[in-house]
Amino acid sequence: MSENAHEELAGLIKKFRFAMVTTAEADGKLVAHPLTVQEAEFDGDLWFIVGTGTSAAVNVAREPRVNVSLSSDDTWVSLSGTAQMVDDRAKLAELWSPAVDAWFEGGPEDPAAGLLRFRADSAEYWTAPGGKIVRAVAALTGHRVEGENEAVEL
């Protein structure tokens, strides 16, 4: 892994607010959960505030291997790694925002609110500069979009 690729990945992840966290149910069925990324700085970990009794929390407790995917008009990121529920009320309070109050009545002390920490082992990202407009022009003119694709071991 090049240092540049790791820095590029961290810069891309900073741009995302929402992620799809894919977990495995007891029968092996994969289920994606829409979650809000709680920290903008990516050091290999991502934090999410989730309900302690939700299927995401239950699935992670049983099978910690998960995938996190993030996408926008011109950038896509897939992260593979492990997740775990973390009982850390100080960290939960640090990450708490007024937007989270919509999901939990008791603030960061609400026993139904928990932290899911994801630790990435590897990642792959794709970029296509210019978003929809560039892709539309490329489709009409037959010109290839020059994007970037990189696999990163963390």
Engineer: Give me the atom names and distance for the closest heavy-atom approach of A83 to L116.
Structural biologist: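 Closest heavy-atom pair between A83 and L116: CB-CD2, 3.8 Å.
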Engineer: Among residues at least two apart in sequence or on other chains, which ones pass side-chain contact (heavy atoms from CB on, under 4.5 Å) with A112?
Structural biologist: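 Testing A112 for side-chain contact (heavy atoms from CB on, under 4.5 Å), a comparison that skips the adjacent residues, returns F104, D110.
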Engineer: Might you point out which heavy atoms bring A113 and L92 nearest each other, and give the distance in Å?
Structural biologist: O-CD2, 3.9 Å
Engineer: Of all the heavy-atom pairs spanning P108 and A93, show the shortest one and how long it is.
Structural biologist: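 Result for this residue pair: CB-CA, 3.8 Å.
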Engineer: Apply the side chain to side chain contact (heavy atoms under 4.5 Å, CB included) test between S71 and each candidate in F18, W76, W126; give the one that qualifies.
Structural biologist: W76
Engineer: Okay, side chain of T75, backbone of S72: is any donor-acceptor separation there less than 3.5 Å?
Structural biologist: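 No; zero donor-acceptor contacts below 3.5 Å.
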Engineer: Rounded to the nearest 0.5 Å, what's the gap from OG on S97 to CD on Q38? Could you check?
Structural biologist: 6.0 Å
Engineer: Would you name the heavy atoms of L79 and A123 that are closest together and state the gap between them?
Structural biologist: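 Smallest heavy-atom distance, with atoms named: CD2-CB, 3.3 Å.
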Engineer: To the nearest 0.5 Å, what is the distance between CZ (R119) and CG (D45)?
Structural biologist: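 CG of D45 is found 5.0 Å from CZ of R119.
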Engineer: Are V50 and W96 grouped together when hydrophobic residues (ILVMFWY) are joined by side-chain heavy atoms under 4.5 angstrom apart?
Structural biologist: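 The answer is no; the residues belong to distinct hydrophobic clusters.
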Engineer: Can you give me the closest heavy-atom contact between A32 and M20, atom names plus distance?
Structural biologist: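 Scanning both residues completely, I find the closest heavy atoms to be CB-CE, 3.5 Å.
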Engineer: Do the side chains of W103 and W47 join up, straight or via other hydrophobic residues, at under 4.5 Å, putting them in one cluster?
Structural biologist: yes
Engineer: Working to the nearest 0.5 Å, report the span between OG1 of T127 and CG of L12.
Structural biologist: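 The distance works out to 7.0 Å.
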Engineer: Would you say V66 ends up clustered with L9 if hydrophobic residues are merged whenever their side chains have heavy atoms under 4.5 Å apart, either directly or through other cluster members?
Structural biologist: yes
Engineer: Does V37 offer a backbone N or O that forms a donor-acceptor pair with the side chain of E39 under 3.5 Å?
Structural biologist: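 The answer is no, because no donor-acceptor pair under 3.5 Å joins these two groups.
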Engineer: With hydrophobic residues grouped by side-chain heavy-atom distances under 4.5 Å, do L35 and F42 end up in a single group?
Structural biologist: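 Cluster IDs for L35 and F42 match.
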Engineer: Under the side chain to side chain donor-acceptor pair (under 3.5 Å) definition, can you give me all pairs with a residue in residues 19-30, not counting sequence neighbours?
Structural biologist: T23-H33, T23-N59
Engineer: Work out which heavy atom in D121 is nearest to a heavy atom in G81; give both atom names and the distance.
Structural biologist: OD2-CA, 3.4 Å
Engineer: Applying side-chain contact (heavy atoms from CB on, under 4.5 Å), run through K91 and L115 and close with a yes or a no.
Structural biologist: CA-CA 8 Å; K91 181 70 171 177; L115 283 175; 3.6 Å; yes
Engineer: What distance separates L46 CG from D43 CG, expressed to the nearest 0.5 Å?
Structural biologist: 8.5 Å
Engineer: Other residues, nucleotides and ligands only: do more than 12 of their heavy atoms fall within 6.0 Å of CZ on R62?
Structural biologist: yes
Engineer: Will you find, in the side chains of N67 and S78, an N or O donor that is under 3.5 Å from an N or O acceptor?
Structural biologist: yes
Engineer: Under 4.0 Å between a Lys/Arg side-chain N and an Asp/Glu carboxylate O for R89 and E109?
Structural biologist: no
Engineer: Mind checking whether F16 and V21 sit in one hydrophobic cluster, side chains of I, L, V, M, F, W, Y counted as touching below 4.5 Å?
Structural biologist: yes
Engineer: Has the side chain of R117 got a donor or acceptor atom that lies under 3.5 Å from a matching backbone atom of F48?
Structural biologist: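 No, because the side chain of R117 does not come within donor-acceptor range (under 3.5 Å) of the backbone of F48.
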